[in-house]
Peer 1: 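Have a look at this one before I ask anything.
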There are 2 protein chains.
Amino acid sequence: MPPLAGHPAAPRRGRPDYDQETVLRRAIDLFSRQGYHATSMGDLARELSLTKSSIYHHIRSKEDLLETALNEALDNLGAVLDRAEAHRTGSAYQKLCDAVEDSIEVLIAHLPSVTLLLRVQGISMVEQDALRRRRKIDDRLVTLVRAAAAEGALRDDLDPYLISRLLFGMVNSLAEWVRPNSRYDARQLTTAVATIVFDGLRAPGPGIG
Amino acid sequence: MPPLAGHPAAPRRGRPDYDQETVLRRAIDLFSRQGYHATSMGDLARELSLTKSSIYHHIRSKEDLLETALNEALDNLGAVLDRAEAHRTGSAYQKLCDAVEDSIEVLIAHLPSVTLLLRVQGISMVEQDALRRRRKIDDRLVTLVRAAAAEGALRDDLDPYLISRLLFGMVNSLAEWVRPNSRYDARQLTTAVATIVFDGLRAPGPGIG
DNA sequence: GTCTATATCCTGATAGAC
DNA sequence: GTCTATCAGGATATAGAC
C-alpha cells in the first residue's frame with residue numbers, strides 16, 4: 001500500500017506529522033498482529049513500501065514505537081478509571097459497570113495498542129514501565145470491585161481481587177479475537193459481558209434452579 | 001541453578017532423556033515468562049548454566065522446543081474435550097461444566113506450555129499449525145455451548161459463539177496472572193469461574209433485582 | 001524524503017577438541 | 001556432555017548521496 005490512500009503529497013495543513021503518524025499506525029498494527037519481538041524493521045519497511053533506513057527519518061527507534069503505543073493504551077485505560085471514579089453520584093456498582101463498559105469501548109477503539117499492551121511481558125525498560133503503569137490500573141479496578149462488594153451489590157462469597165481478575169480477564173480476552181468490521185459492535189459486546197458476568201449464563205425463569 | 005536439584009549424575013534408570021526433559025522444561029518456562037521471540041538461546045544457556053552450543057547436544061533447534069511445548073498444551077486441552085464429549089450420560093450443560101473445570105485444571109497443571117500456546121500469533125509453520133489445532137479445539141467448545149443452549153440450560157438471548165468466546169476467554173485469562181504457589185488452587189479458581197459465569201456476580205437473595 | 005552502503009552487534013546453529 | 005571457536009545471516013541503526 002502507498003502511504004495511506006490519497007495522500008501522496010498531502011500538504012501539512014494543520015497536521016505537522018502526518019507521515020510519522022502513518023508509520024506509527026502501521027507499526028502498531030503489525031506489532032499487534034505478529035508480536036513486537038517477532039516483527040523486524042524489515043517487515044515494517046515492506047508493509048510501508050519503504051526501505052529500512054527510510055523509516056528512521058520518521059521515528060527514532062523501534063522501541064520508541066512500542067513506547068508510544070503502550071502509552072496510548074495506558075492513557076486511554078487510565079482515563080476510563082478517571083471517569084468512573086469521578087462519578088460522585090451513583091453507586092460503586094454503577095461505577096464498576098461504567099468501567100466495564102468504557103474499558104470495552106476503549107479496547108475496541110484502540111484495539112491494536114491495547115492488544116500490544118495486554119501482551120507485554122518483556123524485560124526492557126519500556127516494557128517494565130508499561131507493566132508498572134498497568135499494575136496501577138489493575139489496582140484501581142480491584143478497588144472499584146471491592147467498593148461494589150462492600151456496598152452489598154455483589155455476592156460476598158468471592159474474593160474481590162479474584163472477581164476483578166476474572167471480570168477484566170474476560171473483558172481483555174476480547175482483544176484476542178475481536179476484529180474491526182466484526183459481526184459484533186462495542187454495544188453488543190458490552191451487553192454480552194455485562195449480562196454474563198452480572199446475571200449469569202443460566203437460563204432465567206422457571207429453570208433448573 | 002544446577003541442572004535440577006540433586007541430579008548431577010543421576011543414572012538413566014527408566015528415564016532415558018532426563019536432560020533433554022530438563023532443557024525442555026526450563027525453555028518452556030523461560031519462553032512463557034519472557035515470550036518465545038524475546039528469548040534467545042543465549043538466555044536459555046544462562047538459565048541452564050551452559051553454553052549455547054551445549055544446548056544443541058540435547059535438542060535440535062529452538063523451534064523444536066516451541067513445537068514440543070505447543071503440542072503438549074494442545075494434547076492436554078484436546079483430551080479435556082475428548083473426556084467431556086465422551087460422557088454419554090449427563091446433559092450438555094454438565095459436559096460444558098466439565099470442560100470448564102477440566103480446562104482450568106489443565107491450565108494450572110501445564111501453566112507454562114498453555115501460556116505459550118495462548119500467546120502464539122506468529123507466522124512460522126510451527127505457530128500456524130498450533131493455531132490451526134487450537135482453532136479446532138475452540139470449535140468443539142462452541143459446539144458444547146451450542147448444545148447446552150439448545151437444551152435450554154443457558155439463556156437464549158446471547159449467541160453461543162459469543163458465550164463460548166467470553167467464557168473461555170475468562171478461563172484462559174487465568175494464565176496471565178496465576179502462578180504456582182498462588183493463594184488460589186485449581187478448585188477455588190474453578191468454583192469462582194463457574195459461580196460468576198453461570199450464576200452471575202449480582203448479590204443473590206432479596207436483592208436489587 | 002528516500003535511497004545505497006555500511007557499521008556493529010546479536011542470532012541460531014555447527015565443527016571439533018577434550 | 002561441555003567446551004572454544006566459528007559461521008552465515010539478520011537485527012537495529014547511521015552516514016551521506018540524490
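Labels below follow one simple rule: chain letters A, B, ... track the order of the sequence lines, proteins then strands, and each chain is numbered from 1.
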Peer 1: Quick one about A/Glu176 and A/Ser173 (side-chain donor to acceptor, distance below 3.5 Å, no hydrogens or angles considered), yes or no?
Peer 2: no
Peer 1: Taking the side chain as C-beta and beyond, is there a heavy-atom pair between A/Leu118 and A/Val114 under 4.5 Å?
Peer 2: yes
Peer 1: Got a sec, which residues hit ring-ring contact (aromatic ring centres under 6.0 Å, His included) with B/Phe168, two or more places apart in sequence or on another chain?
Peer 2: none
Peer 1: Does anything in residues 56-71 of chain A come within less than 4.0 Å of DNA chain D? Heavy atoms only, and list the residues if so.
Peer 2: A/Tyr56, A/Ser61, A/Lys62
Peer 1: Where along residues 32-42 of chain A does a heavy atom fall under 4.0 Å from DNA chain D?
Peer 2: A/Thr39, A/Ser40, A/Met41
Peer 1: Can you check whether B/Ser53 has a side-chain N or O nearer than 4.0 Å to OP1 or OP2 of C/dT14?
Peer 2: no
Peer 1: Do B/Met41 and B/Ile59 come within less than 4.5 Å of each other through their side chains, counting heavy atoms only?
Peer 2: yes
Peer 1: Quick test of your reading: applying salt bridge (Lys or Arg N to Asp or Glu O under 4.0 Å), list the pairs with at least one residue in residues 55-81 of chain B, sequence neighbours left out, ordered by first then second residue.
Peer 2: B/Arg25-B/Glu72, B/Arg60-B/Asp64, B/Asp75-B/Arg133
Peer 1: Starting from the C-alpha separation in whole Å, work towards a yes-or-no answer on salt bridge (Lys or Arg N to Asp or Glu O under 4.0 Å) for B/Asp129 and B/Arg132.
Peer 2: CA-CA 5 Å; B/Asp129 284 350; B/Arg132 264 189 290 275; 2.6 Å; yes
Peer 1: Taking the minimum atom-to-atom distance to the side chain of B/Lys52, which one of C/dA13, D/dA11, C/dT4 wins?
Peer 2: C/dA13
Peer 1: Who are the side-chain contact (heavy atoms from CB on, under 4.5 Å) partners of B/Val142, not counting sequence neighbours?
Peer 2: B/Arg146, B/Tyr161, B/Ser164
Peer 1: Nearest whole angstrom, please: distance from the P of C/dG12 to the CG of B/Leu50.
Peer 2: 15 Å
Peer 1: For residues 191-199 of chain A, dump all side-chain donor-acceptor pairs below 3.5 Å to protein atoms at least two apart in sequence or in another chain.
Peer 2:
| unit_1 | atom_1 | unit_2 | atom_2 | d |
| --- | --- | --- | --- | --- |
| A/Thr191 | OG1 | A/Arg187 | O | 2.8 |
| A/Thr195 | OG1 | A/Thr191 | O | 2.6 |
| A/Asp199 | OD1 | B/Arg202 | NE | 3.1 |
| A/Asp199 | OD1 | B/Arg202 | NH2 | 2.6 |

Peer 1: What integer distance in Å separates A/Leu44:CG from D/dG10:C1'?
Peer 2: 16 Å
